Trainee: 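Have a look at this one.
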Amino acid sequence: MTQRPHALGVAVIGTGRMGADHVRRIQEVTSGARVTAVVDVDAERAKSVAARVDGCTVHTDPAAAMASADVDAVIVASPGPAHEAALLAAFEHDLPVLCEKPLTPDAASALRVLQAEQKLGRRRVQVGFMRRYDAEYMKLKSLLETGQLGRPLMLHNRHRNVASPPGWTSEMLINDSVTHEMDVTRWLLGHEITAVTVLAPTPSANAPDGIRDPQFVVFETDGGAIVDVEIYVNCGFGYQVQAEVVCERGTARVGDGHAMVTNAAGRWGGIIAQDYIERFADAYDREVQAWVDATRRDEVTGPSAWDGYAVAAVCEAAVRALEEGGRMRVELVERPALYD
Ligand code: NAD
Ligand code: ISE
């Protein structure tokens with residue numbers, strides 16, 4: 001197996017919350033890579049992130065960074081609507097990409113990316129569905145693959161955030177948050193999601209005006225499983241992501257966060273993480289290292305553009321189910337051979 005002898009030069013596009021964290025990660029945690037360029041439409045933000053990295057150039061145009069001789073690969077961490085342009089530019093420069101979720105915000109644009117990647121004739125994109133790199137989710141996947149528990153019948157998920165950022169809408173609970181459970185369902189069970197129903201109780205008093213929070217989302221899969229997701233993005237008390245698979249001969253559950261339990265003063269308890277950066281720190285580290293290692297071997301592994309497209313299609317059906325009520329079928333194009 002051949003591997004590039006030099007460290008991978010990475011351009012990070014978007015230097016907000018995730019982008020800045022990926023820059024830190026590559027510089028301080030990841031081996032075999034260094035950040036050579038950062039890009040942000042907000043030049044001041046990009047400059048302040050680049051100031052922490054020796055020799056890093058600053059750009060406001062992703063294509064200019066991609067044309068640099070010391071850029072071998074790209075991390076896209078701009079908002080979802082900017083992903084398609086960045087991905088197509090990376091394809092033109094024949095650069096491998098780690099693209100934060102979502103691949104793109106809707107199925108039509110995701111399909112355009114899928115078609116452009118097929119024209120290249122090889123995979124170029126890994127999508128940032130980082131739960132696949134979380135130690136607990138990986139154990140759960142391995143257990144299901146042994147078949148010991150029998151066929152999965154149901155998957156229960158809880159996804160809670162402390163508070164939604166300003167400007168959130170009811171659709172974003174699906175498009176921004178439940179996307180992770182869509183990917184987890186497809187990956188853990190190895191099924192496609194075929195239909196979606198969304199129910200919403202009277203909104204929590206914590207929810208900003210007009211936001212339908214929490215929501216209860218139900219998937220049906222082509223493997224005959226039923227999956228439910230409680231999404232509650234203004235729960236106030238912590239960041240919690242839990243999953244329990246119910247199989248024919250047993251159940252398995254992850255995400256209880258019982259790394260340390262204290263007993264004192266007549267009480268027992270632990271600490272709840274407050275955000276995804278804390279809860280999934282190890283998963284992001286593993287995800288980026290896996291991407292760097294594969295890229296240096298000239299391979300692409302992990303969640304593919306097909307996975308990004310399939311999730312975008314489920315999101316569209318789920319948003320229709322939220323808006324119109326009832327059960328919506330998910331329509332997918334035929335899976336191209338490149339993603340078999
Ligand atoms: P953010 O708003 O904090 O940062 C986005 C940055 O991109 C901003 O600095 C903005 O100025 C910049 N930007 C906007 N348009 C751009 C363009 N066309 N080119 C270059 N830069 C541009 O957002 P964030 O929370 O860091 O989210 C970024 C991405 O990461 C999104 O796709 C989001 O869904 C994803 N995300 C993933 C996770 C996860 O758990 N995997 C968590 C949070 C966010
Ligand atoms: C955010 O964009 C993420 O991807 C987080 O993992 C998720 O928990 C959160 O709800 C989203 O807003």
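Note that the structure is predicted; figures quoted are calculated from it, not measured. All ligand and atom numbering here is 1-based and tracks the order in the structure. Residues: numbered from 1 along the sequence shown.
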Trainee: Does Ile277, at its CD1 atom, have more than 12 non-hydrogen atoms belonging to other residues, nucleotides or ligands within less than 6.0 Å?
Mentor: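 Yes, CD1 of Ile277 has more than 12 neighbouring heavy atoms, counting only those of other groups under 6.0 Å.
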Trainee: Number the atoms of ligand 1 from 1 as they appear, then name those within less than 4.0 Å of a heavy atom of His83, with their elements.
Mentor: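 Those atoms are 32 (O).
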Trainee: How does Arg45 reach ligand 1, by side chain, by backbone, by both or by neither, if only non-hydrogen atoms under 4.0 Å count?
Mentor: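 The answer is the side chain.
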Trainee: Ligand 1 versus Ala77, non-hydrogen atoms closer than 4.0 Å: side chain, backbone, both, neither?
Mentor: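 For Ala77, only backbone atoms sit under 4.0 Å from ligand 1.
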Trainee: Numbering the atoms of ligand 1 from 1, which are under 4.0 Å from a heavy atom of Ala82?
Mentor: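 Selected atoms, number and element: 18 (N).
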Trainee: Give a yes or no on whether Arg249 atom CZ has more than 12 heavy-atom contacts from other residues, nucleotides or ligands under 6.0 Å away.
Mentor: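 Yes - once you tally the heavy atoms of other residues, nucleotides and ligands closer than 6.0 Å, there are more than 12.
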Trainee: Can you tell me the protein heavy atom closest to atom 17 (C) of ligand 1 and the distance?
Mentor: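 That would be Val41 CG1, 3.6 Å.
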Trainee: Can an N or O of Met18 be found at a distance shorter than 3.5 Å from an N or O of ligand 1?
Mentor: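 Yes: some nitrogen or oxygen of Met18 is under 3.5 Å from one in ligand 1.
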Trainee: For atom 34 (O) of ligand 1, find the nearest protein heavy atom and state the residue, atom name and distance (0.1 Å precision).
Mentor: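 Going atom by atom, the protein heavy atom closest to atom 34 (O) of ligand 1 ends up being Lys101 O, 2.8 Å.
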Trainee: Give the atoms of ligand 2, by number and element, whose distance to some non-hydrogen atom of Tyr239 is under 4.0 Å.
Mentor: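 Per the distance check, 5 (C), 6 (O), 7 (C), 8 (O).
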Trainee: List every atom of ligand 1 that sits less than 4.0 Å from any heavy atom of Met130, numbering the atoms from 1 in the order shown and giving each element.
Mentor: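 Here the atoms of ligand 1 in question are 40 (O), 41 (N).
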Trainee: Hey, can you tell me if Tyr137 and Phe280 have their rings parallel, tilted or perpendicular (30° and 60° cut-offs)?
Mentor: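 Judged by the thresholds at 30° and 60°, the geometry between Tyr137 and Phe280 is tilted.
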Trainee: Which bit of Asp40 gets closer than 4.0 Å to ligand 1, counting heavy atoms only: side chain, backbone, both or neither?
Mentor: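 Contact part for Asp40 vs ligand 1: both backbone and side chain.
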Trainee: Restricting to non-hydrogen atoms, name the atom on Ala86 and the atom on Met66 that form the minimum distance, rounded to 0.1 Å.
Mentor: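 For Ala86 and Met66, the tightest heavy-atom pair comes out as O-CE, 3.4 Å.
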Trainee: Just wondering, more than 12 heavy atoms not from Asp54 lying within 6.0 Å of its CG?
Mentor: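 Result for CG/Asp54: open.
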Trainee: Of the backbone atoms (N, CA, C, O) and the side-chain heavy atoms from C-beta on, which set of Tyr232 has a member under 4.0 Å from an atom of ligand 2: side chain, backbone, both, or neither?
Mentor: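 It is neither part, as no heavy atom is under 4.0 Å.
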Trainee: Do the side chain of Gln274 and the main chain of Val162 share a donor and acceptor less than 3.5 angstrom apart?
Mentor: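 Checking the backbone N and O of Val162 against the side chain of Gln274, no donor-acceptor pair under 3.5 Å is found.
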Trainee: Looking at atom 42 (C) of ligand 1, what's its closest protein heavy atom, distance included?
Mentor: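 Checked against all protein heavy atoms, atom 42 (C) of ligand 1 sits closest to Tyr276 CE1, 3.3 Å.
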Trainee: Are any of the N/O atoms on Trp168, whether in the backbone or the side chain, positioned under 3.5 angstrom from an N/O atom of ligand 2?
Mentor: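 No.
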Trainee: Within the 3.5 Å criterion, strictly below it, is a donor on Asp222 or His191 matched to an acceptor on the partner's side chain?
Mentor: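 No.
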Trainee: Which protein heavy atom lies closest to atom 14 (C) of ligand 1, and at what distance to 0.1 Å?
Mentor: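 Atom 14 (C) of ligand 1 sits closest to the protein heavy atom Pro79 CD, 3.3 Å.
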Trainee: Under 4.0 Å from a heavy atom of Lys101: which atoms of ligand 2 are those, numbered in the order shown and with their elements?
Mentor: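 Result: 1 (C), 2 (O), 3 (C), 4 (O).
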Trainee: Main chain of Arg132, side chain of Arg286: is a donor-acceptor contact present, judged purely on distance under 3.5 Å?
Mentor: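 Such a contact is absent between Arg286 side chain and Arg132 backbone.
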Trainee: Can you tell which part of Met172 has a heavy atom less than 4.0 Å from ligand 2: side chain, backbone, both or neither?
Mentor: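 It is neither part, as no heavy atom is under 4.0 Å.
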Trainee: Starting from atom 25 (O) of ligand 1, which protein heavy atom do you reach first, and at what distance in Å?
Mentor: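 Minimum-distance protein heavy atom for atom 25 (O) of ligand 1 reads Arg17 CB, 3.9 Å.
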Trainee: List every atom of ligand 2 that sits less than 4.0 Å from any heavy atom of Ser177, numbering the atoms from 1 in the order shown and giving each element.
Mentor: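 Within the 4.0 Å cut-off of Ser177, ligand 2 contributes 9 (C), 10 (O), 11 (C), 12 (O).
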Trainee: Should the heavy atoms of other residues, nucleotides or ligands under 6.0 Å from CG of Asp340 be counted, would the total exceed 12?
Mentor: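 Counting neighbours around CG of Asp340, more than 12 heavy atoms of other residues, nucleotides or ligands fall under 6.0 Å, so yes.
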Trainee: Are the side chain of Asp293 and the backbone N or O of Ala290 linked by a donor-acceptor pair below 3.5 Å?
Mentor: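 A pair under 3.5 Å: no.
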Trainee: Which protein heavy atom lies closest to atom 7 (C) of ligand 2, and at what distance to 0.1 Å?
Mentor: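 For this ligand atom, the closest protein heavy atom is His159 NE2, 3.5 Å.
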Trainee: Show me which atoms of ligand 1 lie under 4.0 Å from any heavy atom of Ile13.
Mentor: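 Matching atoms, with element in brackets: 20 (C).
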Trainee: How are the rings of Tyr284 and Tyr276 set to each other: parallel, tilted or perpendicular (split at 30° and 60°)?
Mentor: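 Answer is perpendicular, since the angle exceeds 60°.
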Trainee: Considering only the protein, which heavy-atom contact is closest to atom 41 (N) of ligand 1, and what is its distance?
Mentor: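 Nearest neighbour among protein heavy atoms for atom 41 (N) of ligand 1, to 0.1 Å: Glu100 OE1, 3.1 Å.
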Trainee: Taking Ser78 for its side chain and His83 for its backbone only, find out whether a donor-acceptor pair lies under 3.5 Å.
Mentor: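 No.
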Trainee: Report yes if the side chains of Leu140 and Val245 come closer than 4.5 Å at any heavy-atom pair, otherwise no.
Mentor: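 The answer is yes; the side chains approach within 4.5 Å.
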Trainee: Salt bridge check, Asp94 against Arg122: does any charged N sit closer than 4.0 Å to a carboxylate O?
Mentor: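 Counted as a salt bridge, because a side-chain N and a carboxylate O are separated by less than 4.0 Å.
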Trainee: Under the 3.5 angstrom rule, does the side chain of Gln240 hit a backbone N or O of Arg160 as a donor-acceptor pair?
Mentor: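 The answer is no, because no donor-acceptor pair under 3.5 Å joins these two groups.
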Trainee: Considering heavy atoms of the protein only, find what lies nearest to atom 4 (O) of ligand 1 and give residue, atom and distance to 0.1 Å.
Mentor: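 Answer for atom 4 (O) of ligand 1: Gly16 CA, 3.2 Å.
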Trainee: Please report which non-hydrogen protein atom sits nearest to atom 5 (C) of ligand 2, along with the residue it belongs to and the distance in Å to one decimal place.
Mentor: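 Closest protein heavy atom to atom 5 (C) of ligand 2: Tyr276 CD2, 3.6 Å.
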Trainee: Would you mind listing which atoms of ligand 2 come within a distance below 4.0 Å of any non-hydrogen atom of Asn161?
Mentor: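 Checking each atom against Asn161, I get 8 (O), 9 (C), 10 (O).
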Trainee: Within the side chain of Lys47, is there an N or O that forms a donor-acceptor pair under 3.5 Å with the backbone of Val58?
Mentor: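 Judged by distance alone, no pair lies under 3.5 Å.
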Trainee: Is it the case that Gln115 and Tyr309 place a side-chain donor and acceptor less than 3.5 Å from each other?
Mentor: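 Gln115 vs Tyr309: no donor-acceptor pair found between side chains.
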Trainee: Could you list the atoms of ligand 1 found under 4.0 angstrom from a heavy atom of Gly14?
Mentor: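 Within the 4.0 Å cut-off of Gly14, ligand 1 contributes 7 (O), 21 (N).
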Trainee: Determine, stepwise, if the pair Ser204 / Asp213 fulfils side-chain contact (heavy atoms from CB on, under 4.5 Å).
Mentor: CA-CA 6 Å; Ser204 160; Asp213 180 30; 5.5 Å; no
Trainee: Do the side chain of Ser68 and the main chain of Asp70 share a donor and acceptor less than 3.5 angstrom apart?
Mentor: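 Not a single qualifying donor-acceptor pair exists.
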Trainee: For atom 23 (O) of ligand 1, is the nearest protein heavy atom closer than 4.0 Å?
Mentor: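 Under 4.0 Å from atom 23 (O) of ligand 1, zero protein heavy atoms found.
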Trainee: Hey, does the side chain of Thr197 reach the backbone of Val218 with a donor-acceptor pair shorter than 3.5 angstrom?
Mentor: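 Answer holds: no.
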Trainee: Using a 4.0 Å cut-off to any heavy atom of Gly128, which atoms of ligand 1 qualify?
Mentor: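 Listed by number with element: 41 (N).
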Trainee: Could you see which bit of Tyr284 sits under 4.0 Å from ligand 1, with heavy atoms only: side chain, backbone, both or neither?
Mentor: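 It is the side chain that touches ligand 1; the backbone stays farther off.
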Trainee: Of the backbone atoms (N, CA, C, O) and the side-chain heavy atoms from C-beta on, which set of Phe280 has a member under 4.0 Å from an atom of ligand 2: side chain, backbone, both, or neither?
Mentor: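 Within the 4.0 Å criterion, Phe280 makes no contact with ligand 2.
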Trainee: Do Glu316 side-chain atoms and Ala107 backbone N/O form a donor-acceptor pair below 3.5 Å?
Mentor: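 Checked: pair present.
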Trainee: Please indicate, with yes or no, if any protein heavy atom is found under 4.0 Å from atom 2 (O) of ligand 1?
Mentor: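 Protein heavy atoms within 4.0 Å of atom 2 (O) of ligand 1 - there are none.
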Trainee: Identify which of Arg131, Arg17, His180, Arg160 has a heavy atom lying nearest to atom 3 (C) of ligand 2.
Mentor: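 Minimum heavy-atom distance to atom 3 (C) of ligand 2 goes to His180.
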Trainee: So is Met18 in contact with ligand 2, going by heavy-atom distances below 4.0 Å?
Mentor: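 Flag not set, Met18 not near ligand 2.
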Trainee: Asp176 versus ligand 1: do any nitrogen or oxygen atoms come within less than 3.5 Å of each other?
Mentor: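 No, no N or O pair falls under 3.5 Å.
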Trainee: N/O to N/O below 3.5 Å, does that happen between Tyr284 and ligand 2?
Mentor: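 There is no such contact.
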Trainee: Please state which part of His180 comes within less than 4.0 Å of ligand 1, counting heavy atoms only: side chain, backbone, both or neither.
Mentor: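 His180 to ligand 1: side-chain contact only, backbone stays beyond 4.0 Å.
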Trainee: What residue and heavy atom of the protein are closest to atom 29 (C) of ligand 1, and at what distance?
Mentor: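 Here the closest protein heavy atom is Ser78 O, 3.5 Å.
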Trainee: Among all the protein's non-hydrogen atoms, which is closest to atom 12 (O) of ligand 2, and how far away is it?
Mentor: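 The closest heavy atom on the protein side is Asp176 OD2, 2.9 Å.
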